[in-house]
There are 2 protein chains.
Amino acid sequence: MGSAWKAVADDNRRQVLLILRDGEKTPSEIARHFSFTLPALSTHLRVLKDAGLVGERKEGQRKFYSVNREGMSDIADFLDEFWDENLRKLKQHAEAKERKKNRK
Amino acid sequence: MGSAWKAVADDNRRQVLLILRDGEKTPSEIARHFSFTLPALSTHLRVLKDAGLVGERKEGQRKFYSVNREGMSDIADFLDEFWDENLRKLKQHAEAKERKKNRK
DNA sequence: TCGATACTTAATTAATTGTTTAAATATTTA
DNA sequence: TAAATATTTAAACAATTAATTAAGTATCGA
C-alpha cells in the first residue's frame, strides 16, 4: 500500500480524482482529458489504487474506476490537527479511550 | 512558490509541521526530533516556506519557524470538493429511499 | 578581535518518479 | 479462429528529490 499523500502530490492524479468525482469512468474516458498516453494514465491509476484512493470494477474488457473517499481520511485527519485545538484535544481523548478499550 | 501538495507529500516535512503546531521553534530544536542532519532539515524548511506552509522570524542568530495554516487552504479546498459531493450523494440516497417509501 | 554558535548554501550521489514506445493479456465481434 | 478493442506491463530514459559532507554567512560573547 502506497501513501495517499504521495499519490495526491501529483497534479495529474488530483485531476483524475476530480474527473472521477461525478461517477465511475474507464481509463480511456479519463485519458481524453489529458495529453499524455494511456500507459502513463494506467500507472497513475495504479498509484491511486495502491493508495486506496480509487476502486476498480471490471466489466468485460473495460474497467471502471471510482473515487474511494475513505482513502482521503489520512489527509483529512492531518488537516484536522491544525483546524482547531479543541477538536484536536477531543480526538486525542477519544483515541486514548479507544486504546484503553483495546487493552482490556 | 512551490506547491503545498509536494511539500506535504514528504513524511518528515509533515512531521515538522506537527512539531511546529504547538508554537514556533528554531531549526536546531526541530532537528532534535529527527535522525538526519541540520542541512537536510534546512532544505525541508525551505520547501515548506516556499509552499507558504511555514513562516520565519529572525531573532539574533536564531531563526524561529511557525506554521502558516493558511498555506493549507489549497489542500483543504480539494478535500471539500469530495466532502460536498459526499453530502450530495447521501441526500440523493435519502431521497431515493423516500420515493420508495411513498410508492408503497 | 577571535572563537564558538546557529543556520544556510554548494557539490555530490543514490533513489524515486513520470514519461515514452513496444509488447503482452484479456475480451469482444466478424 | 482471426481481427479489433481495452487495458496493463516492461524496458528505457530524463528529471526530480532527499540525503551527506564541506564550506560559507551572520551573530554573539569572552
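Chain letters run A, B, ... following the sequence lines, proteins first, then strands; residues in each count from 1.
Whole-Å rounding puts the F64(B) CZ to dT8(C) P distance at 13 Å. Atom CZ in R57(B) sits roughly 15 Å away from atom C1' in dA6(C) (whole-Å rounding). Atoms CG (L41(B)) and C1' (dA6(C)) sit 12 Å apart, rounded to a whole Å. If you take CG of L48(B) and P of dT8(C), they are 12 Å apart, rounded to a whole angstrom. Atom pair F36(B):CZ and dT8(C):P shows a separation of 13 Å (rounding to whole Å applied). In this entry the distance linking CD1 of I30(A) with C1' of dT8(D) reads 14 Å, nearest Å. Distance, E24(A) CD to dA6(D) P: 17 Å, rounded to whole Å.
Closest approach of A31(A) and L41(A) over heavy atoms only: N-CD2, 3.6 Å. In this structure, W5(B) and A9(A) approach most closely via the heavy-atom pair O-CB, 3.9 Å.
Remark: side-chain polar atoms of D50(A) are not paired, donor with acceptor, to backbone N or O of M1(A) under 3.5 angstrom. The main-chain N or O of T26(A) is found under 3.5 Å from a side-chain atom of E29(A) such that the two form a donor-acceptor pair.
Within the 4.5 Å cutoff, the side chain of L53(A) has no heavy atoms near those of the N68(A) side chain.
Taking the centre and axis of the six-membered ring of F82(A), the NZ or CZ atom of R69(B) falls outside the cone set by 45° and 6.0 Å.
For the side-chain hydrogen bond (donor to acceptor under 3.5 Å, both in side chains) condition, the pairs that include at least one residue of residues 34-47 of chain A, sequence neighbours left out, are R13(A)-H44(A).
Counting only heavy atoms from C-beta on, T37(A) has its side chain closest to dT20(C) among dT8(D), dT20(C), dT8(C). If you check dT8(D), dT19(C), dT8(C) against the side chain of P39(B), the one that comes closest is dT8(C).
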So which protein nitrogen or oxygen atoms get under 3.5 Å of nucleotides 11-18 of chain C's nitrogens or oxygens?
from    : atom 1 : to     : atom 2 : distance (Å)
dG18(C) : OP1    : R13(A) : NH2    : 3.0
dG18(C) : OP2    : R13(A) : NH1    : 3.2

Steps toward side chain to side chain contact (heavy atoms under 4.5 Å, CB included) verdict (V54(A), V16(A)): CA-CA 10 Å; V54(A) 303; V16(A) 167; 5.5 Å; no

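In terms of phosphate contacts, K63(A) brings no side-chain nitrogen or oxygen within less than 4.0 Å of OP1 or OP2 of dA6(D).
Checked for salt-bridge contact, R57(B) and E59(B) meet the test: a charged N lies under 4.0 Å from a carboxylate O.
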Protein proximity profile, nucleotides 24-30 of chain D - base contact B, sugar-phosphate-only contact S, no contact -, cut-off 4.0 Å on heavy atoms: --SBS--

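Note on Y65(B): only backbone sugar-phosphate atoms sit closer than 4.0 angstrom, heavy atoms only; bases stay farther off.
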